[in-house]
Amino acid sequence: MNIALWIVTGLLAAVALVSGNIKAFTPKAKLAQAPGGQWTATASAGVIKTLGALEVLAAIGLILPAVLDIAPMLVPVTAVCWSLLMVGAMIVHVRDGEYKVITANVVYLAMAAFVVWGRFVLEPFAG
């Protein structure tokens, strides 16, 4: 189970890192043209960059605390925060009628829920 949790956590961190970098470094106009980018029309550039920074921080929070063995409880806490971010993303995509991209959000939410459950209940980090 520990290996499965590490794999899912690593995949989730990779998604967060890539997505965060895209939001942080891609111009708003270019993001709006991408599939699922309609939400950027109602968001300021600052909000988009902030979301990107939060996603990069989530990638860090999913991996580094456990790898460095410094406050490894932050891993499932970060997964809870990522879950909340995905719920918010689904709400925004429903509002904008972007139903196809919600599938990805549901998958990421399920992955984060698995990490939360796994690290809080099944295989918590020994402290």
Side-chain angles (χ1 to χ4, degrees):
M1 184 56 69
N2 188 45
I3 293 170
L5 284 164
W6 270 109
I7 291 169
V8 172
T9 303
L11 290 172
L12 200 56
V15 166
L17 186 62
V18 169
S19 178
N21 279 316
I22 289 170
K23 287 180 185 78
F25 298 112
T26 304
K28 179 180 172 178
K30 190 170 181 183
L31 283 174
Q33 296 171 355
Q38 183 179 345
W39 66 273
T40 60
T42 57
S44 70
V47 167
I48 296 167
K49 304 264 184 250
T50 300
L51 283 172
L54 290 173
E55 290 180 7
V56 169
L57 288 173
I60 292 167
L62 285 166
I63 300 296
L64 280 186
V67 168
L68 299 176
D69 197 28
I70 300 173
M73 185 55 70
L74 288 177
V75 172
V77 170
T78 302
V80 168
C81 294
W82 181 264
S83 298
L84 295 173
L85 184 66
M86 289 302 101
V87 169
M90 287 186 279
I91 291 168
V92 168
H93 289 304
V94 166
R95 177 196 71 189
D96 293 340
E98 298 176 316
Y99 301 106
K100 288 184 180 181
V101 294
I102 293 173
T103 305
N105 297 128
V106 170
V107 170
Y108 303 147
L109 175 61
M111 291 169 69
F114 176 68
V115 172
V116 170
W117 176 59
R119 289 303 177 197
F120 276 138
V121 178
L122 295 178
E123 288 277 339
F125 292 111

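Please read all numbers here as calculations on a predicted model, not as lab measurements. Sequence positions, counted from 1, serve as the residue numbers for this chain.
- Pairs passing the salt bridge (charged side-chain N to carboxylate O under 4.0 Å, His left out) check and including a residue from residues 9-23, sequence neighbours excluded, read K23-E55.
- Of all heavy-atom pairs spanning A79 and V115, the tightest one is CB-CG1, 3.8 Å.
- In this structure, L85 and L54 have side chains that are not in contact, with every pair of non-hydrogen atoms separated by 4.5 Å or more.
- Of the possible polar contacts, one joining the E98 side chain to the Q38 backbone as a donor-acceptor pair under 3.5 Å is found.
- Residues satisfying the side-chain contact (heavy atoms from CB on, under 4.5 Å) test with V106, not counting sequence neighbours, are M90, I102.
- Partners of I91 under the side-chain contact (heavy atoms from CB on, under 4.5 Å) rule, at least two apart in sequence or in another chain, are V87.
- Residues in residues 27-49 take part in no salt bridge (charged side-chain N to carboxylate O under 4.0 Å, His left out) pair, two or more places apart or across chains.
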Derivation and outcome, side-chain contact (heavy atoms from CB on, under 4.5 Å), residues L12 and F114: CA-CA 11 Å; L12 200 56; F114 176 68; over 6 Å; no
W39/L51 under side-chain contact (heavy atoms from CB on, under 4.5 Å): CA gap, chis, key distance, verdict: CA-CA 12 Å; W39 66 273; L51 283 172; 3.9 Å; yes
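- Within the structure, every pair that satisfies the side chain to side chain donor-acceptor pair (under 3.5 Å) test and touches residues 100-119, not counting sequence neighbours, is listed here: N2-R119.
- By the side-chain contact (heavy atoms from CB on, under 4.5 Å) test, I70 is found to be paired with L68, residues two or more places apart in sequence or in another chain being considered.
- Shortest non-hydrogen contact noted between P72 and A66 is CB-CA, 4.1 Å.
- Screening residues 72-95 for salt bridge (charged side-chain N to carboxylate O under 4.0 Å, His left out), with sequence neighbours left out, gives no hits.
- Sequence neighbours left out, not one pair with a member in residues 57-86 passes salt bridge (charged side-chain N to carboxylate O under 4.0 Å, His left out).
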